[in-house]
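Notes to accompany the following structure.
For the numbers below, each heavy atom of this structure counts, side chains included, while hydrogens, waters and symmetry mates do not. Quick caveat: nothing in here was measured; it's all calculated off a predicted structure.
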Amino acid sequence: MENPMVKCSIANCEYWEQGNNCSAEVIMIEVNAHADKSEPQTRHGQAYDSEHRDEAEGVADTCCHTFTERTH
Ligand code: SF4
């Protein structure tokens, strides 16, 4: 499966690059209620879950679980 172009405006994320491009190898989206959930799998240090499913109550109920605040 070819990776999609991921555009993101969260410029203080470690994976954010100029042009609003996401450089993460894996992007895990969760519902807001699971924003702090620990994920069972990792790839290049980025956590994800291939099995767990949820249902969002609209776009405002989703969040990027891969977000890591930039420290430099
Ligand atoms: S990991 Fe998520 S928050 Fe960070 S740049 Fe990619 S899409 Fe945006």
- Between Thr66 and Gln46, what is the shortest heavy-atom contact and its length? CG2-CG, 4.3 Å
- Pairwise distance SG(Cys63) to CD1(Ile29) - rounded to 0.5 angstrom: 7.5 Å
- Query: Can you tell me how far the CD atom of Gln41 sits from the CD atom of Glu51, to the nearest 0.5 Å?
  - Reply: 7.0 Å
- Message: Tell me every residue that passes side-chain contact (heavy atoms from CB on, under 4.5 Å) with Cys8, counting only those two or more places apart in sequence or in another chain.
- Response: Ile10
- Item | Shortest non-hydrogen contact between Glu17 and Ser23, atoms and distance | OE2-CB, 3.3 Å
- Partners meeting side-chain contact (heavy atoms from CB on, under 4.5 Å) with Ser9 (sequence neighbours left out): Asn20
- Arg43 meets the side-chain contact (heavy atoms from CB on, under 4.5 Å) criterion, sequence neighbours left out, with Glu25, Val26, Tyr48
- Message: For Val31, give me all partners under side-chain contact (heavy atoms from CB on, under 4.5 Å), at least two apart in sequence or on another chain.
- Response: Ala33, His34, Asp54, Ala56, Asp61
- Query: Between atom SG of Cys13 and atom CD of Glu69, what is the distance when rounded to the nearest 0.5 Å?
  - Reply: 9.5 Å
- Query: Looking at CH2 of Trp16 and SG of Cys64, how far apart are the two atoms once the value is rounded to the nearest 0.5 Å?
  - Reply: 14.5 Å
- Message: Which Ile, Leu, Val, Met, Phe, Trp or Tyr residues join Val59 in one cluster when any pair of side-chain heavy atoms under 4.5 Å counts as a link?
- Response: none
- Message: Can you pull out every salt bridge (Lys or Arg N to Asp or Glu O under 4.0 Å) where at least one residue sits in residues 29-39? Sequence neighbours excluded, please.
- Response: Glu30-Lys37, Lys37-Glu39, Lys37-Asp49
